[in-house]
Amino acid sequence: MQHWIKSSVVASVLLTGCSLLQTEPTETVSQAETVPELKVPAGLKAPAKPAKFDIPDSKQANTAVDIRSPALVLGTASSSRVEEGDKLSRVWFDRNDYTGDLVPFLKQMLQTQFAEQGIELSSDEQGLNYTTGWIARSEEEGFWFWKSSQQQEQARYNISIEPRPHGRSASVTVTMLEHQYFTPEAELSKSDTKRQEVALLNQIIDRIGKEEIIVARANKAKAPDVSLEPGMDAEGNPALVTPQPIDVTWSQLEALFTELNLNVTDINRSAFTYYLNYEKSEPGFWSKIWGSEAKPVLPLPAGEYQLVLSRADKQTAISLRDKNGTSLDAETTLALHEPFVQAIRLARIEL
């Protein structure tokens with residue numbers, strides 16, 4: 001009986017100890033939360049508090065923040081460039097092979113751009129400052145047979161061309177003059193005004209870029225002028241003569257060989273000599289089906305040849321010779337002229 005009582009007392013003590021252990025962390029946390037402020041003894045300086053990083057209370061109302069990417073002028077035309085840090089809606093153009101005389105080209109492009117869109121465009125006496133008519137923006141409402149167009153806003157712009165004194169560069173600047181809106185959502189902020197100016201300027205740049213592509217294709221389609229003529233080299237041998245310098249002629253010959261089915265086997269640059277192998281090729285099956293243009297055929301048997309360049313009275317003589325370096329006769333050289341002219345036009349080189 002006494003043993004049972006002792007055991008009960010021991011168990012009771014153990015349970016009491018466990019409850020005390022369980023409550024200690026709670027008491028510790030409570031003490032940590034109520035730590036009093038540090039008391040600095042007299043004569044000592046208090047440590048700095050990290051209050052400089054605290055965000056002060058503000059009584060200002062919340063304002064909307066524009067999270068859109070900034071409006072950028074896109075210099076997509078080959079003649080256009082944008083100056084970094086420019087605050088205006090402006091782009092610069094430089095004269096190149098596609099623009100020709102720059103200012104007349106820009107004037108023509110502006111007139112073409114707005115004529116295609118059916119927008120009125122008026123200019124001053126010098127033709128350097130333009131004012132557009134109303135450019136409207138509408139949105140479609142409804143669907144199917146009940147669809148209608150609702151005008152949202154309209155604006156007028158000033159477009160100015162400022163050429164540099166040398167005439168090889170000019171800037172085009174777009175500025176909004178007036179804006180009208182017909183729905184509350186269409187009212188413009190300062191950043192929205194800049195966006196619309198940049199959007200119109202990018203349309204102008206894009207139209208100029210398309211015109212440059214048209215001019216480039218037209219230039220590429222033009223048959224080059226061929227100045228190659230039958231003649232003689234400095235030694236009196238029959239040859240084909242071009243007014244191009246010998247180095248310029250040498251640099252263009254490989255493009256010519258491609259059109260004439262001449263394969264280069266060796267080169268002697270110091271003697272201006274190409275060693276060639278000529279193979280006559282018949283048009284393939286698909287070339288006949290699709291009507292592909294046949295390459296010119298030389299009036300020569302297949303085999304090995306030499307092509308030698310030499311200077312002849314401020315001109316360059318092109319002499320095609322056999323594999324031993326013997327010049328071809330005058331009749332054969334004369335017959336070579338027409339295939340060479342055709343190959344020059346196909347290769348679009350200047351000889």
Side-chain angles (χ1 to χ4, degrees), residues 96-98 215-351:
N96 59 19
D97 294 337
Y98 308 130
V215 174
R217 288 177 177 174
N219 291 340
K220 187 176 181 180
K222 289 181 180 178
D225 295 332
V226 179
S227 55
L228 189 71
E229 294 291 343
M232 292 185 295
D233 59 17
E235 298 177 358
N237 298 314
L240 300 176
V241 181
T242 175
Q244 293 287 355
I246 191 169
D247 291 324
V248 175
T249 304
W250 175 268
S251 65
Q252 301 183 87
L253 285 178
E254 292 197 18
L256 183 67
F257 296 155
T258 302
E259 302 298 335
L260 292 171
N261 290 319
L262 290 167
N263 299 315
V264 179
T265 58
D266 201 358
I267 296 175
N268 187 344
R269 179 67 174 81
S270 61
F272 291 103
T273 301
Y274 276 100
Y275 297 90
L276 308 168
N277 183 50
Y278 177 55
E279 297 179 359
K280 285 189 175 182
S281 61
E282 297 293 334
F285 173 77
W286 293 110
S287 298
K288 294 179 180 179
I289 293 295
W290 299 110
S292 301
E293 187 175 357
K295 292 185 177 182
V297 179
L298 295 176
L300 298 172
E304 297 179 359
Y305 295 89
Q306 297 180 21
L307 189 142
V308 182
L309 301 183
S310 60
R311 295 181 176 87
D313 191 21
K314 298 182 180 180
Q315 294 182 322
T316 301
I318 304 174
S319 177
L320 191 63
R321 305 176 182 181
D322 62 17
K323 65 178 182 180
N324 299 319
T326 303
S327 298
L328 303 179
D329 58 77
E331 184 178 355
T332 303
T333 302
L334 184 62
L336 291 173
H337 177 257
E338 184 58 31
F340 266 68
V341 170
Q342 294 177 17
I344 290 170
R345 287 175 176 163
L346 288 173
R348 303 195 182 281
I349 58 178
E350 296 181 2
L351 286 178

Q) Got a second to check how far Ile246's CD1 is from Phe272's CZ, nearest 0.5 Å? A) 4.0 Å

Q) Step by step, would you call Asp233 with Ile318 a side chain to side chain contact (heavy atoms under 4.5 Å, CB included)? A) CA-CA 8 Å; Asp233 59 17; Ile318 304 174; over 6 Å; no

Q. Can you tell me if CZ on Arg269 sees more than 12 non-hydrogen neighbours from other groups inside 6.0 Å?
A. yes

Q: Without swapping roles, check the side chain of Asp322 against the backbone of Asn324 for a donor-acceptor pair under 3.5 Å.
A: yes

Q: May I ask you to decide if Ala312's main-chain N or O and Thr316's side chain share a donor-acceptor pair within less than 3.5 Å?
A: no

Q | Side chain to side chain, His337 and Glu229, heavy atoms closer than 4.5 Å | A | yes

Q. Can any side-chain N or O of Tyr278 pair as donor or acceptor with the backbone N or O of Asn263 at less than 3.5 Å?
A. no

Q | Distance in Å, Leu328 CG paired with Asn237 CG, rounded so as to fall on 0.5 Å steps | A | 10.0 Å

Q: Please confirm whether Tyr305 and Tyr274 have ring centers closer than 6.0 angstrom.
A: no

Q. Do Asn277 and Leu262 come within less than 4.5 Å of each other through their side chains, counting heavy atoms only?
A. no

(Q) Would you say that Leu307 contacts Phe257 through its side chain, given a criterion of any heavy-atom pair below 4.5 Å between the two side chains? (A) yes

Q) How many angstroms lie between atom CG of Leu351 and atom OG1 of Thr242, to the nearest 0.5 angstrom? A) 5.0 Å

Q) For Asp329, does the CG atom have more than 12 heavy-atom neighbours from other residues, nucleotides or ligands under 6.0 Å away? A) yes

**Q.** Point-to-point distance, once rounded to the nearest 0.5 Å, from CG of Leu298 to CG of Asn261
**A.** 8.0 Å

Q. What closest approach, in Å, do Glu259 and Pro296 show between heavy atoms, and which atom pair accounts for it?
A. O-CD, 3.6 Å

Q. Looking only at atom types and distance, does a side-chain atom of Gln306 sit under 3.5 Å from a main-chain N or O of Lys323, one as donor and one as acceptor?
A. yes

Q. Does the side chain to side chain contact (heavy atoms under 4.5 Å, CB included) test come out yes or no for Ile267 and Thr273, once each step is laid out?
A. CA-CA 6 Å; Ile267 296 175; Thr273 301; over 6 Å; no

Q.
Ignoring hydrogens, what is the shortest heavy-atom contact between Leu240 and Thr333? Give both atom names and the distance.
A. CD2-O, 3.9 Å

Q | Pro299 side chain reached by Pro339 side chain, heavy atoms, under 4.5 Å | A | yes

Q: Locate the shortest heavy-atom distance separating Ala271 from Val308; write the atom from each residue and the value.
A: O-CG1, 4.2 Å

Q.
Could you measure the distance from the CD atom of Glu235 to the OG atom of Ser319? Nearest 0.5 Å is fine.
A. 9.0 Å

Q) How many angstroms lie between CG in Leu320 and CG in Leu260, if you round to the nearest 0.5 Å? A) 9.5 Å

Q.
Show the nearest heavy-atom pair for residues Gln315 and Val241, with the distance to one decimal.
A. OE1-CG1, 2.9 Å

Q. Does Gln252 use its side chain to pair, donor to acceptor, with the backbone of Glu350 at less than 3.5 Å?
A. yes

Q.
I want to check something: taking the side chain as every heavy atom from C-beta on, are Val264 and Tyr275 in contact at a cut-off of under 4.5 Å?
A. no

Q. Is there a side chain to side chain donor-acceptor pair (under 3.5 Å) between Ser270 and Asn268 once you walk through the steps?
A. CA-CA 6 Å; Ser270 61; Asn268 187 344; 2.8 Å; yes

